[in-house]
Amino acid sequence: MSARGKASDECDKCGAKDSAQWSAHKRSCKIMAQAKSAHPDPKNPLPGDEMWDLLGADFDTEESRARLQREVPTGSEIGLKERPFTALREGTFFHNLSEIETYKLLIDCLRMHQEDVRDYTGSAMTNTIHDGKSALSTVAFVHFMVEAEQAKVLPPWWNALNNFECIRFAKSNNDFALTVARTGQRIQEAWGDPNMPVKLRMLAQKVYGWTVCLEETEGMLQQMAESEGKSALKSA
């Protein structure tokens, strides 16, 4: 073990593995630490939307490009989970999913949540496309990923590199762009799952600790997980 992370040539925060990435990793890890801080330094604010693209380019490796170019049909992996509501309750919803399917779920969870906040409260979520100031929801998404990490809902393989790679995925994929709103109906159609908006609201509740319909979401999650458990016992 070293101060750099798991091994002398790898950072356990951003995944940097060689000297070519090392200078980039120091800047990126510092920014992510700022995002995670409960008391951010006002003299060093988080980058604006456009800067996250530049930071992501620091890790634009052949390996990363290959991952982002993988064809993973939306919903093809999460649809195979036998007990998705139990996984949501236990914090294992993203386990055993590929990077691409995970990125898609995270992006749509944020997009679902920003729509819910606007529709249920009449106010726009800060740093999103609805606040009248932002052309895209990248900064809100960064905070969302930080909250997801702190809530321990991200998969075991996640590190800071994935934050930047996920943003690059949103930038390169029109269906999951952070410039575009995503309604519940569109999410149902995209994922081929009429329950996906409910699942994403439950995920948002796990990440943020609240949703616009908190009591309904918490009660439904418990009920659906218990139903899955009973069904599993009957089929055993």
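There is no path of hydrophobic side-chain contacts, each under 4.5 Å, that joins Val180 to Ile167. Both Val207 and Leu200 are assigned to one and the same hydrophobic cluster, defined by single-linkage of ILVMFWY side chains at heavy-atom distances under 4.5 Å. Residues Met112 and Leu110 share a hydrophobic cluster, clusters being chains of Ile/Leu/Val/Met/Phe/Trp/Tyr side chains in contact below 4.5 Å. Tracing side-chain contacts under 4.5 Å through hydrophobic residues (I, L, V, M, F, W, Y), one reaches Met196 starting from Ile107; they form part of the same cluster. The hydrophobic cluster containing Ile129 does not contain Ile187, counting ILVMFWY residues as joined when their side-chain heavy atoms lie under 4.5 angstrom apart, directly or transitively.
With hydrogens and angles ignored, the 3.5 Å screen pairs a side-chain donor or acceptor of Lys81 with a backbone N or O of His95. When atom types are taken as modelled, the side chain of Glu77 and the backbone of Leu97 share no donor-acceptor pair closer than 3.5 angstrom.
Partners of Gln185 according to the side-chain contact (heavy atoms from CB on, under 4.5 Å) rule, which considers only residues two or more places apart in sequence or in another chain, are Thr183, Glu189.
Residues Arg182 and Ala190 approach most closely at NH2-CB, 3.6 Å, considering heavy atoms. The two residues Asn127 and Ala140 have their closest heavy-atom pair at O-CB, 3.3 Å. In plain terms, the two heavy atoms of Gly184 and Pro197 that are nearest each other are O-CG, 3.4 Å. In this structure, His113 and Ala204 approach most closely via the heavy-atom pair ND1-CB, 3.9 Å. In plain terms, the two heavy atoms of Lys104 and Val72 that are nearest each other are NZ-O, 2.6 Å. Taking each heavy atom of Trp158 and Cys166 in turn, the nearest pair found is CH2-CB, 4.4 Å.
Relative orientation of the Phe169 and Tyr103 rings is tilted, given thresholds of 30° and 60° on the angle between their planes.
Atom OG of Ser172 sits about 9.5 Å away from atom CD of Glu165, to the nearest 0.5 Å. Rounding to the nearest 0.5 Å places CD of Glu228 at 11.5 Å from CD of Gln223. Here the CZ atom belonging to Arg201 is positioned 4.0 Å from the CG atom belonging to Asp116, to the nearest 0.5 angstrom. Put simply, CD on Gln114 and CG on Asp119 are 10.5 Å apart, with the number rounded to the nearest 0.5 Å. Here the CZ-CG distance, from Phe93 to Leu88, works out to 4.5 Å after rounding to the nearest 0.5 Å. Annotation: the span from Glu71 atom CD to Ser76 atom OG amounts to 10.5 Å, rounded to 0.5 Å.
Put simply, the side chain of Thr128 does not reach to within 4.5 Å of the side chain of Phe141, judged on heavy atoms. Under the 4.5 Å side-chain criterion, counting only non-hydrogen atoms from C-beta, Asp193 is not in contact with Gln188. Using a 4.5 Å heavy-atom threshold, the side chains of Asp131 and Met125 count as separate. Side-chain atoms of His130 and Glu115, non-hydrogen and from C-beta on, do get closer than 4.5 Å to each other. The shortest side-chain heavy-atom distance between Gln222 and Glu226 falls under the 4.5 Å cut-off. Within the 4.5 Å cutoff, the side chain of Ile78 has no heavy atoms near those of the Phe94 side chain. Considering only heavy atoms from C-beta on, Phe144 comes within 4.5 Å of Tyr208 through its side chain.
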Go through the steps for Ser137 and Arg111 under the test side-chain contact (heavy atoms from CB on, under 4.5 Å), then give the verdict. CA-CA 8 Å; Ser137 300; Arg111 295 199 295 184; over 6 Å; no
Go through Thr92 and Val153 one step at a time and tell me if the side-chain contact (heavy atoms from CB on, under 4.5 Å) criterion holds. CA-CA 7 Å; Thr92 60; Val153 301; over 6 Å; no
Might you work through the side-chain contact (heavy atoms from CB on, under 4.5 Å) test for Thr126 and Val139, ending with a clear yes or no? CA-CA 9 Å; Thr126 305; Val139 173; over 6 Å; no
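Atom CG of Asn96 has 12 or fewer neighbouring heavy atoms from other residues, nucleotides or ligands inside a 6.0 Å radius.
With a 6.0 Å cutoff to the six-membered ring centre and a 45° limit on the axis angle, Lys199 counts as a cation-pi contact of Phe85.
Judged purely by distance below 3.5 Å, without hydrogens or angles, the side chains of Asn162 and Trp157 never pair a donor atom with an acceptor atom.
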